[in-house]
Asker: 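Quick one: structure below, then a few questions.
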There are 2 protein chains.
Amino acid sequence: MTLKELSDLLGLSPTTVSRALNGYPEVSEATRKKVAAAARAHGYAPNTRARALATGRAMAIGHVIPISAKHEMVNPIFADFTAGAGEVYSRNGYDMLMSVVSDDDEEQAYRSFATKRNVDGLIIHAPSLNDGRIPFLNDLGLPYVVHGRSSNATAPYAWVDVNNTRAFQRATELLLDLGHRRIALLNGLEHMDFAARRRAGYEAALVSRGITPDSSLMFSGEMTEAQGHDLTRSLLARPDRPTAILVSSIIMAIGVRRGIEELGLTLGRDVSLITYDDDLSYFRNGSDIPVYTATRSSVREAGRRAAQMLIDIINGKDSPTELLLEAELTLGMSTGPARRD
Amino acid sequence: MTLKELSDLLGLSPTTVSRALNGYPEVSEATRKKVAAAARAHGYAPNTRARALATGRAMAIGHVIPISAKHEMVNPIFADFTAGAGEVYSRNGYDMLMSVVSDDDEEQAYRSFATKRNVDGLIIHAPSLNDGRIPFLNDLGLPYVVHGRSSNATAPYAWVDVNNTRAFQRATELLLDLGHRRIALLNGLEHMDFAARRRAGYEAALVSRGITPDSSLMFSGEMTEAQGHDLTRSLLARPDRPTAILVSSIIMAIGVRRGIEELGLTLGRDVSLITYDDDLSYFRNGSDIPVYTATRSSVREAGRRAAQMLIDIINGKDSPTELLLEAELTLGMSTGPARRD
DNA sequence: TGGGGTATTCAAAGCGCTTTGGATAATTTG
DNA sequence: CAAATTATCCAAAGCGCTTTGAATACCCCA
């Protein structure tokens with residue numbers, strides 16, 4: 001069913017039908033009702049492609065999902081971020097276009113979005129410290145919002161981020177308050193902006209208590225369960241082993257727990273653990289009492305906010321283009337006072 | 001840069017430029033080269049929307065991501081399935097359109113895809129036993145491939161599935177071989193087709209060894225970590241507690257492990273566990289020796305195969321439209337002989 | 001009763017591409 | 001060397017919609 005067919009059916013011009021459907025004022029209430037009824041009855045919906053061509057707006061947002069070529073790893077937070085963003089898109093009539101791309105040719109994917117003109121804006125994931133995509137995208141001229149920030153970026157850009165520094169500073173302070181002095185950090189890859197900020201928070205807390213950060217207690221890598229396990233095992237095998245561990249992802253924390261328990265130690269008593277928690281829907285941190293003490297911020301909510309911000313930008317609203325969310329520190333069962341051995 | 005601009009630049013007609021770019025034979029090699037070079041130099045790529053309108057093909061595939069309204073849960077396997085499918089789409093010039101939708105109005109989402117004509121085909125996720133979407137989609141007339149199957153479906157449909165029955169039958173047999181007699185099943189929601197098949201496999205194995213399935217050992221629900229934990233705790237509190245547990249998801253298995261270890265028991269020694277493993281990229285089951293004994297089948301590969309099948313269907317190739325993948329049973333450290341108490 | 005608004009409706013152009021049906025130039029053939 | 005192919009190229013139509021500019025019908029008030 002096309003506009004033409006529908007208008008013929010109604011004995012009206014396509015112009016009028018189009019206007020009636022799109023809520024323009026220059027059409028009488030009577031015909032608007034008739035048109036709406038007929039459209040519903042015949043299951044008419046405008047062809048997106050034709051409409052996009054005519055209006056110059058694709059009514060779609062692009063997401064580029066980079067796959068780590070080395071590890072074939074999909075970031076587990078994408079699903080939830082996407083779910084949050086998707087809710088907002090649906091509500092506003094936007095589609096979500098995903099492009100899965102090996103991280104080598106990510107830039108190519110953005111360029112292709114721009115030249116093929118099939119999206120009105122982009123969401124950028126996982127920015128690194130000095131992310132080349134930002135100047136690149138500023139040139140491209142497609143509106144975009146970054147999930148995260150890129151330190152050292154010279155040009156301004158729109159972003160939604162969590163206060164990673166603060167979250168890790170507070171977590172570290174909590175551990176210090178509990179008497180821990182040797183605190184390990186299992187972090188994400190440090191060229192990632194979020195990881196750098198988290199380390200900064202961790203170190204700041206230590207320094208402010210007069211403790212010199214010990215680089216042999218800091219690790220960065222892919223945030224997998226296996227990685228968490230292996231690092232924990234090697235940490236706990238050391239004579240000067242840490243009494244507490246700070247972890248950048250709940251998935252990694254699961255591996256840490258496994259490593260601890262394999263040694264017959266008890267989490268929260270023998271070793272304390274605080275993790276960053278993205279509040280993933282398939283891995284909620286305990287229903288009543290949180291399993292892990294955690295700094296938590298919903299990545300799904302971040303998705304919603306980023307999507308809304310992007311839509312506002314596309315529509316020329318001049319709402320704020322920077323949003324810093326605070327993570328909340330929730331006490332679970334994985335922390336306890338440092339034991340003196 | 002539009003086709004017109006590019007053709008003006010070259011002193012050629014849009015027709016010729018279009019043909020040159022699309023590999024039609026009626027254009028000389030010389031001009032084809034010139035056109036290709038100019039296109040590259042000016043970063044020209046055809047406007048997707050215009051092309052789609054002209055050809056009648058959207059060059060996009062739709063995925064509907066249903067969100068469980070009750071639990072706000074995103075299925076954790078989507079990310080990996082999507083990654084696999086996305087690879088194939090990119091290779092074939094297709095975009096992936098995602099629609100996040102509360103599971104109440106999923107049907108509406110499909111209808112909207114069809115009437116708005118912005119995709120050439122659909123991937124259907126998580127079919128239930130007697131899935132209403134199949135007759136519905138057969139009427140709609142959009143090609144689609146189901147990830148999974150729907151028992152009792154009367155009409156034929158294209159699908160890619162894992163042999164769930166066989167996988168759980170084999171897993172159960174392994175546990176029986178190890179001397180286990182009381183084996184619990186922590187399954188997904190049983191209106192889901194995969195869950196029903198898994199239970200069938202489990203029961204068949206028991207019956208063939210003369211054991212009557214005990215419904216008090218079978219559970220079905222959302223496959224979350226918390227659920228795995230809670231069910232395990234209550235199972236192990238019983239006097240006639242099971243010596244082995246069969247689990248439908250590795251995420252749930254993590255919760256089971258936590259429950260077991262909280263009681264001071266050891267996985268693989270005191271309680272055996274076999275889990276279904278989708279080989280999620282962020283949760284690989286051990287790098288060298290698998291942590292869990294598992295029936296494994298890569299959901300990412302399933303994504304690839306489903307995508308390829310759909311593209312073949314769209315292009316009118318008459319390749320097979322049913323694909324049953326076998327899961328492999330890998331021995332890890334979570335199984336051991338039944339202990340006699 | 002007639003001129004100036006106002007409320008409705010419509011015809012036609014245009015979005016950027018593909019594709020049909022020629023046209024023209026180059027080449028081959030009898 | 002004229003006629004028939006063949007190789008290249010192009011003008012124009014059309015995909016289904018929105019939107020500009022104009023037409024028509026209706027109403028009001030002097």
Asker: Relative to the ring of Phe78(A), is the ring of His125(A) parallel (under 30°), tilted (30 to 60°) or perpendicular (over 60°)?
Answerer: perpendicular
Asker: For residues 45-57 of chain A, which residues have at least one heavy atom under 4.0 Å from DNA chain C?
Answerer: Leu53(A), Ala54(A)
Asker: Under the side-chain contact (heavy atoms from CB on, under 4.5 Å) test, which residues partner Asp8(A), sequence neighbours left out?
Answerer: Lys4(A)
Asker: Mind jotting down which residue pairs meet the salt bridge (charged side-chain N to carboxylate O under 4.0 Å, His left out) criterion with at least one end in residues 137-157 of chain B? Sequence neighbours excluded, please.
Answerer: Arg149(B)-Asp161(B)
Asker: Check each residue of residues 111-119 of chain A for a non-hydrogen atom within less than 4.0 Å of any atom in DNA chain D, then write out the ones that pass by number, or none.
Answerer: none
Asker: Collect all protein-nucleotide pairs involving nucleotides 9-12 of chain C in which both atoms are nitrogen or oxygen and the distance is under 3.5 Å.
Answerer:
residue : atom : partner  : partner atom : Å
dT9(C)  : OP2  : Ser28(A) : N            : 3.3
dT9(C)  : OP2  : Thr31(A) : OG1          : 3.2
dC10(C) : OP2  : Ser13(A) : N            : 2.8
dC10(C) : OP2  : Ser13(A) : OG           : 3.2
dC10(C) : OP2  : Thr16(A) : OG1          : 2.9
dC10(C) : N4   : Arg19(A) : NH1          : 2.9
dA11(C) : N7   : Thr15(A) : OG1          : 3.3
dA11(C) : N6   : Thr15(A) : OG1          : 2.8
dA12(C) : N6   : Thr15(A) : OG1          : 3.4

Asker: What pair of heavy atoms forms the shortest contact from Pro320(A) to Met309(A), and how long is it?
Answerer: O-CE, 3.8 Å
Asker: Which pairs with one or both residues in residues 14-53 of chain A pass ring-ring contact (aromatic ring centres under 6.0 Å, His included), sequence neighbours excluded?
Answerer: none
Asker: Please work out which of the three classes, parallel, tilted or perpendicular, describes the rings of Phe136(B) and Tyr110(B), given edges at 30° and 60°.
Answerer: tilted
Asker: Name all residues meeting the side chain to side chain donor-acceptor pair (under 3.5 Å) criterion together with Gln308(A); count only those two or more places apart in sequence or in a different chain, and write none if there are none.
Answerer: Asp312(A)
Asker: Checking Asn47(A) now: which residues fulfil side-chain contact (heavy atoms from CB on, under 4.5 Å) with it, not counting sequence neighbours?
Answerer: Arg49(A), Ala50(A), Arg117(B)
Asker: Which angle, to the nearest 10 degrees, lies between the helix axes at the two ends of the helix from dT1(C)-dA30(D) to dG30(C)-dC1(D), each defined by five pairs?
Answerer: 60°
Asker: Can you check whether Leu122(A) reaches Arg133(A) side chain to side chain, under 4.5 Å on heavy atoms?
Answerer: no
Asker: Can you list the residues that meet the side chain to side chain donor-acceptor pair (under 3.5 Å) rule with Arg304(A), with sequence neighbours excluded?
Answerer: Glu87(A), Glu301(A)
Asker: Over all heavy atoms of both residues, which pair between Trp159(B) and Gly148(B) is shortest? Give the atoms and the distance, please.
Answerer: CB-O, 3.3 Å
Asker: Once side chain to side chain donor-acceptor pair (under 3.5 Å) is applied, do any residues pair with Ser7(A), and if so which ones, sequence neighbours excluded?
Answerer: none
Asker: Does Asp318(B), at its CG atom, have more than 12 non-hydrogen atoms belonging to other residues, nucleotides or ligands within less than 6.0 Å?
Answerer: no
Asker: If you walk 5' to 3' along DNA chain D, what is the first nucleotide with an atom under 4.0 Å of a heavy atom in chain B, and what is the last?
Answerer: dT8(D) to dG16(D)
Asker: Working to the nearest 0.5 Å, report the span between CG of Asp95(B) and CG of Asn118(A).
Answerer: 5.0 Å
Asker: Which atom names give the shortest non-hydrogen contact between Ala20(B) and Arg32(B), and what distance separates them?
Answerer: O-NH1, 3.0 Å
